Colleague: 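First the structure, which I've put down as structure tokens, then a few questions once you've had a look.
All values below come from the heavy atoms of this structure, side chains included, with hydrogens, waters and symmetry mates left out. Model, not experiment: these values are computed from the prediction.
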Amino acid sequence: MWNRFCIVLIFFSIVSLQAQDYQLGHGLKLADALNLGAYFSTEYEYKEDEEKAKIDDIAFLMYGQIDERFSYLAELEAANFYEYDFKDRSSSDNTTFQVERLYVDYMESDYLRFRAGKFITPIGYWNLEPINVLRDTTSNPLYSYTMFPKFVTGVNLSGYLSMDESVQYNIFAQGTRDLDEEYMNILNDHFFGASLEKEFSPELTAGLSVGEFVTLTNERYVFLQCNAKYDSYPFKLFGEGVIRSSRDTQKHYSEAMYLQGSYNYSLEHMLVTRFEYFEEEELSQNGESLFLLGYSYRPIYPVSLKAEYQWHSLKEQDKFLVSFSVIF
């Protein structure tokens, strides 16, 4: 396993040195229609009864502009590539690469863009940044993987709604099983929805999404989501919330939200904090909440070192996390 990981790093180091115009984080351009990229992240986790270190994921990307209207992206990822458990001194690995994203875009105009394949569900902010190095914290809020499917295998229409280009829309639809279900958070064969995003000023945006999905166990859910963000350097504050209800005979209701703020006290250093709340009717009447305090060091944008501590309402879930990630 370690030999494979070293080969990956050596390959990209050699390729990077040989590429005249290569810049870390921008991928390697072989042609207008062929660019190569990659990223990896490592993580250390410590809590009361667990201590683990892992290479969290390794991924390869291929993307390009075929002509003026057509473009594409393909991403293969091996999640939980290697993990070592300090408590019981055991290890596990996964060197199988799965299809994270695979789609083709057709740009008719700024007001109509068509996408087909497997792509990120176009909802809110967090879901649109799946790569560790691009985020401000190591962990993901519960909201991001419990309330709706993270990916769509189907089609999406998007673009601007008005001539002033202040409102963007997305309409997506899936009527089959996922292209690759290995890392899918909610397995489904029916997923439809729409989202709107309004820019009120260069610093302030807000959005709204609605959707419906049916799991492979034939549970039907509908959800309503909202989000807002204020970003004016060195401060950033954003949050998302969603309510979800089943449409079955036995009604189930869930809600989740998070609010995250950050302060860059220099270009390289950032302090970040987040509050989360999650409640699922059939699991807990009191819900679950957590407060996070973290630090991010980014010597250059494609390289990130982050640390955070989480205080949970369920005390035994308190934990400390550190991650190191790079995008090539």
Side-chain angles (χ1 to χ4, degrees), residues 59 72-77 79 96-108 112-131 140-159 161 167-197 207-227 240-258 278-284:
Y72 71 94
L73 183 142
E75 178 182 355
L76 299 177
E77 179 178 320
T96 302
F97 285 81
Q98 308 290 338
V99 178
E100 185 86 353
R101 289 182 284 174
L102 179 62
Y103 61 80
V104 174
D105 279 340
Y106 173 76
M107 176 74 80
E108 174 62 30
L112 181 60
R113 180 173 184 167
F114 178 80
R115 176 170 292 180
K118 180 178 180 180
F119 49 89
I120 297 170
T121 304
I123 290 178
Y125 309 118
W126 200 278
N127 202 54
L128 299 179
E129 290 190 351
I131 302 174
N140 299 302
L142 288 168
Y143 156 96
S144 66
Y145 55 86
T146 56
M147 302 302 286
F148 54 82
K150 296 192 301 181
F151 296 95
V152 177
T153 296
V155 296
N156 183 67
L157 298 178
S158 63
L161 269 184
V167 180
Q168 296 186 61
Y169 72 91
N170 281 276
I171 303 172
F172 56 87
Q174 172 176 335
T176 65
R177 294 183 65 151
D178 192 77
L179 178 65
D180 192 330
E181 297 179 341
E182 185 66 26
Y183 304 135
M184 191 66 176
N185 62 324
I186 301 176
L187 299 180
N188 72 93
D189 57 8
H190 170 109
F191 187 22
F192 297 87
S195 65
L196 289 175
E197 183 80 12
L208 185 71
S209 305
V210 294
E212 175 189 77
F213 62 90
V214 179
T215 69
L216 295 187
T217 55
N218 208 34
E219 297 170 301
R220 184 182 297 267
Y221 293 93
V222 293
F223 65 86
L224 173 65
Q225 180 268 3
C226 61
N227 52 269
E240 304 183 55
V242 62
I243 54 175
R244 187 184 72 184
S245 177
S246 70
R247 300 186 64 182
D248 304 320
T249 304
Q250 292 183 334
K251 296 293 183 181
H252 298 301
Y253 173 81
S254 305
E255 60 184 22
M257 62 80 67
Y258 74 88
F278 172 76
E279 181 173 357
E280 192 162 22
E281 187 179 67
E282 60 268 33
L283 295 181
S284 172

Colleague: Hey, could you give me the CZ/CZ distance between F192 and F172, rounded to the nearest 0.5 Å?
Modeller: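 The CZ atom of F192 sits 10.0 Å away from the CZ atom of F172.
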Colleague: Does a side-chain heavy-atom distance below 4.5 Å link H252 with R244?
Modeller: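 No, side chains not in contact.
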Colleague: Once rounded to the nearest 0.5 Å, what's the spacing between atom CD of E75 and atom CZ of F119?
Modeller: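 Between atom CD of E75 and atom CZ of F119 there are 14.5 Å.
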Colleague: Taking the side chain as C-beta and beyond, is there a heavy-atom pair between R115 and S158 under 4.5 Å?
Modeller: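 No, their side chains stay 4.5 Å or more apart.
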Colleague: Enter the distance from I123:CD1 to S195:OG here, rounded to the nearest 0.5 Å.
Modeller: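 Going from the CD1 atom of I123 to the OG atom of S195 covers 6.5 Å.
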Colleague: Give the minimum heavy-atom separation between N227 and G124, together with the two atoms involved.
Modeller: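 Of all heavy-atom pairs spanning N227 and G124, the closest is OD1-CA, 3.6 Å.
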Colleague: What I'd like to find out is whether the side chain of L208 reaches to under 4.5 Å of the side chain of L224, using heavy atoms alone.
Modeller: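 Side chain of L208 against side chain of L224, heavy atoms only: contact under 4.5 Å found.
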Colleague: State, to 0.1 Å, how close E100 and K118 come at their nearest heavy-atom pair, and which atoms those are.
Modeller: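 Nearest pair, atom of E100 first, then K118: O-CE, 3.3 Å.
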Colleague: To check you understand the geometry: which heavy-atom pair defines the closest contact between A74 and L102, and what is its length?
Modeller: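 Here A74 and L102 meet closest at CB-CD1, 3.6 Å.
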Colleague: Partners of F114 by ring-ring contact (aromatic ring centres under 6.0 Å, His included), sequence neighbours excluded?
Modeller: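 With sequence neighbours excluded, F114 shows a ring-ring contact (aromatic ring centres under 6.0 Å, His included) to no residue whatsoever.
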Colleague: Holding to ring-ring contact (aromatic ring centres under 6.0 Å, His included), I want the full list of residues that pass it with F213, two or more places apart in sequence or in another chain.
Modeller: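 F213 satisfies ring-ring contact (aromatic ring centres under 6.0 Å, His included) with Y221 only.
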Colleague: Quick check, are the ring centers of F278 and Y258 under 6.0 angstrom apart?
Modeller: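 Distance test on ring centres: not under 6.0 Å, no.
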Colleague: With sequence neighbours left out, what residues match F151 under ring-ring contact (aromatic ring centres under 6.0 Å, His included)?
Modeller: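 For F151 there are no ring-ring contact (aromatic ring centres under 6.0 Å, His included) partners, ignoring immediate neighbours.
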Colleague: Mind checking salt bridge (Lys or Arg N to Asp or Glu O under 4.0 Å) for E182 and listing every partner two or more places apart, or none if nothing turns up?
Modeller: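 Once residues adjacent in sequence are excluded, E182 has no partner under the salt bridge (Lys or Arg N to Asp or Glu O under 4.0 Å) criterion.
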Colleague: Less than 4.0 angstrom from a charged side-chain N to a carboxylate O is my criterion; do E77 and R101 meet it?
Modeller: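 Answer for the salt bridge query: no.
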Colleague: Thinking salt bridges, do D189 and R177 make one under a 4.0 Å N-O criterion?
Modeller: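 No, this pair does not count.
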Colleague: Going by heavy atoms in the side chains, are V214 and N188 under 4.5 Å from each other?
Modeller: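 Result no, sub-4.5 Å side-chain heavy-atom pair not found.
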Colleague: With a 4.5 Å limit on heavy-atom distance, are the side chains of F191 and T121 in contact?
Modeller: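 The answer is yes, as the side chains (C-beta and beyond) meet within the 4.5 Å cut-off.
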Colleague: Please tell me if the side chains of T215 and L187 come closer than 4.5 Å, counting only heavy atoms from C-beta onward.
Modeller: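 Contact flag for T215/L187 side chains = no.
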Colleague: Under the side chain to side chain donor-acceptor pair (under 3.5 Å) test, which residues partner N140, sequence neighbours left out?
Modeller: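 Scan of N140 (side chain to side chain donor-acceptor pair (under 3.5 Å), adjacent residues dropped) gives W126, R135.
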Colleague: Would you say Q174's side chain and G154's backbone share a donor-acceptor pair under 3.5 angstrom?
Modeller: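 Answer holds: no.
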Colleague: Out of curiosity, N170 CG to R113 CZ, how far, rounded to the nearest 0.5 Å?
Modeller: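 Rounded to the nearest 0.5 Å, the CG-CZ separation comes out at 10.0 Å.
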Colleague: Would you please name every residue forming a ring-ring contact (aromatic ring centres under 6.0 Å, His included) with F223, sequence neighbours left out?
Modeller: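 Applying ring-ring contact (aromatic ring centres under 6.0 Å, His included) to F223 gives F148.
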Colleague: Identify the heavy atoms of E197 and G207 that sit nearest to each other, and give their distance.
Modeller: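 In this case the closest contact between E197 and G207 is OE1-CA, 3.6 Å.
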Colleague: For K150 and S144, work out which heavy atoms get closest and say how close.
Modeller: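 Closest approach of K150 to S144, heavy atoms only: CG-O, 3.7 Å.
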Colleague: With a 3.5 Å cut-off and no angle check, do the side chains of Y143 and E240 form a donor-acceptor pair?
Modeller: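 Yes, E240 and Y143 have a side-chain donor paired with an acceptor closer than 3.5 Å.
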Colleague: Identify which one of L179, L76, D180 satisfies the side-chain contact (heavy atoms from CB on, under 4.5 Å) criterion when paired with Q98.
Modeller: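 Looking at L179, L76, D180, the match for Q98 under the side-chain contact (heavy atoms from CB on, under 4.5 Å) is D180.
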Colleague: What are the two closest heavy atoms between A173 and V152, and how far apart are they?
Modeller: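 Here A173 and V152 meet closest at O-CG1, 3.9 Å.
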Colleague: Is there side-chain contact between P122 and N156, with at least one heavy-atom pair below 4.5 Å?
Modeller: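 The answer is yes, as the side chains (C-beta and beyond) meet within the 4.5 Å cut-off.
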